[in-house]
Protein chains: 2
Amino acid sequence: MRMNPAAENNDRQQLGERLNAGGFRFTSQRRCVYDVLLNKRDHPTADEVFMRAKKGMPEISHATVYNCLDALVECGLARQVHLQRGAARFCPNMEEHCHYYCDACGEVFDVTLPADGAMMPKPRGFKVDHYDIAVHGLCAACAKKK
Amino acid sequence: MRMNPAAENNDRQQLGERLNAGGFRFTSQRRCVYDVLLNKRDHPTADEVFMRAKKGMPEISHATVYNCLDALVECGLARQVHLQRGAARFCPNMEEHCHYYCDACGEVFDVTLPADGAMMPKPRGFKVDHYDIAVHGLCAACAKKK
DNA sequence: TCCTTATTTAGAATTATTCCAAATCTTGAC
DNA sequence: GTCAAGATTTGGAATAATTCTAAATAAGGA
Ligand SMILES: [Mn+2]
Ligand SMILES: [Mn+2]
Ligand SMILES: [Zn+2]
Ligand SMILES: [Zn+2]
């Protein structure tokens with residue numbers, strides 16, 4: 001699930017352009033938040049992003065982290081994921097993928113989809129923006145414990 | 001999307017048994033909340049269920065509605081759905097189905113799936129409990145307005 | 001009926017997110 | 001580089017959604 005170093009570099013360089021294309025300015029806070037997402041791809045909540053971001057930028061505020069995450073989602077650099085009651089999670093993997101979620105320990109991982117929404121029914125008049133597919137259950141480790 | 005009257009009747013009669021099977025007691029509040037879900041299948045939030053339930057049972061409390069909804073989910077009579085930031089929604093349709101969600105007006109509707117999760121990848125060791133599939137976009141009415 | 005235990009209730013507490021207004025930063029024009 | 005305009009950041013207050021608490025009540029079995 002980890003992309004190669006060259007592609008990741010590219011990701012970072014393109015941040016400014018992508019923000020501009022979405023009508024946003026480049027700021028050090030947005031770079032910091034984006035780097036947090038890229039560095040550990042475990043689908044952190046906004047609060048987890050906040051705590052990680054503070055390590056490199058101790059003055060960053062809670063509100064800013066929400067603002068930055070929203071901006072990243074808006075300009076197509078991250079996805080917001082709603083897997084359960086409670087905090088939303090964030091994911092910088094923009095490939096078509098679905099989420100496997102362990103209801104016992106909360107682990108989340110990406111699985112790239114073999115085919116996209118082609119097999120989905122298309123109700124008349126509905127204009128599809130994106131699919132949100134989650135698989136709930138027990139991860140290998142938690143399944144073994146039972 | 002509406003089931004026939006006989007099936008709906010059956011639904012209501014079986015409430016007691018299903019609660020018992022899940023280790024819950026039958027209460028008038030649980031019947032009331034379940035009836036709210038059955039009567040208008042528009043995927044209400046807990047707060048919407050609360051307001052509708054109060055019409056027939058003015059003394060019912062907020063906490064009880066949450067308790068009842070949890071019990072119904074636990075014993076397999078309703079699903080909890082997380083479509084967006086904010087309140088969870090509830091659905092008494094226990095057939096395998098996915099949700100089409102209008103990001104403009106918030107409308108939700110069920111579409112029965114042609115095939116279930118057979119095409120989904122099965123990561124080694126992961127024990128699947130259920131699939132949660134949402135399609136985001138614009139409903140026919142909202143798509144026309146743009 | 002009586003007892004035990006689950007459930008309900010109102011309100012307080014907690015969690016997650018959004019709003020606010022003042023201070024600061026980014027960008028483009030000069 | 002300087003400056004102005006507007007976007008962004010900040011800390012804290014406000015709001016929304018849900019969970020917790022402890023006392024009162026109701027359900028179901030003996
Ligand atoms: Mn992901
Ligand atoms: Mn549904
Ligand atoms: Zn697990
Ligand atoms: Zn709509």
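Note on naming: letters A, B, ... go to the chains in the order of the sequence lines (proteins, then strands), and numbering restarts at 1 for each one.
- Although no hydrogens or angles enter the test, the distance criterion places a donor-acceptor pair under 3.5 Å between the side chain of A:E48 and the main chain of A:T45.
- One interatomic measurement links the two molecules: CG of A:D47 to C1' of C:dT15, which rounds to 9 Å at whole-angstrom precision.
- Note: CG (B:L69) to P (C:dT7) measures 14 Å, nearest angstrom.
- Listed by chain and number, the hydrophobic cluster partners of A:V108 are A:V81, A:L83, A:Y101, where partners are ILVMFWY side chains within reach of under 4.5 Å, directly or through others.
- In terms of phosphate contacts, B:Y66 brings a side-chain nitrogen or oxygen within less than 4.0 Å of OP1 or OP2 of D:dT18.
- Summarising the geometry, the separation between CZ on B:F50 and C1' on D:dT19 is reported as 15 Å, rounded to the nearest angstrom.
- Checking the phosphate oxygens (OP1, OP2) of C:dT8, a side-chain nitrogen or oxygen of B:R30 falls inside 4.0 Å.
- For D:dT9, one of the phosphate oxygens OP1 or OP2 lies less than 4.0 angstrom from a side-chain nitrogen or oxygen of A:N67.
- In this structure, CZ of B:R31 is placed 13 Å from P of D:dA27, rounded to the nearest angstrom.
- Other members of the cluster containing B:Y66 do not exist, because no ILVMFWY side chain is joined to it at under 4.5 Å.
- Between the CZ atom of A:F90 and the C1' atom of C:dA16 there is a distance of 11 Å, given to the nearest Å.
- Not a single donor-acceptor pair under 3.5 Å links the side chain of A:R52 to the backbone N or O of A:V36.
- In this structure, A:A63 reaches the bases: a heavy-atom distance under 4.0 Å links it to at least one base atom across the strands shown.
- Inter-residue side-chain proximity for B:H99 and B:D110 is flagged as met; some heavy-atom pair is nearer than 4.5 Å.
- Residues B:D103 and A:K127 are not paired through a salt bridge, judged by the lack of any N-O separation under 4.0 Å between the basic side chain and the carboxylate.
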Problem set entry | Contact pattern, 5' to 3', of nucleotides 24-30 of chain C - B, S or - by protein heavy atom under 4.0 Å | --BS---

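- With B:F24 as the partner, the side chain to side chain contact (heavy atoms under 4.5 Å, CB included) test is satisfied by one option alone out of B:L19, B:L72, B:N67: B:L19.
- Nearer to the 5' terminus of DNA chain C, by closest-nucleotide assignment, is the contact made by B:F24 (compared with the other of B:F24 and A:H82).
- The distance between atom CE of A:M57 and atom P of D:dT9, rounded to the nearest whole Å, is 9 Å.
- For B:I60 and C:dT9, the CD1 to C1' distance is 10 Å, given to the nearest whole Å.
- Taking atom CG on A:L19 and atom P on D:dA7, their separation rounds to 15 Å, with Å as the unit.
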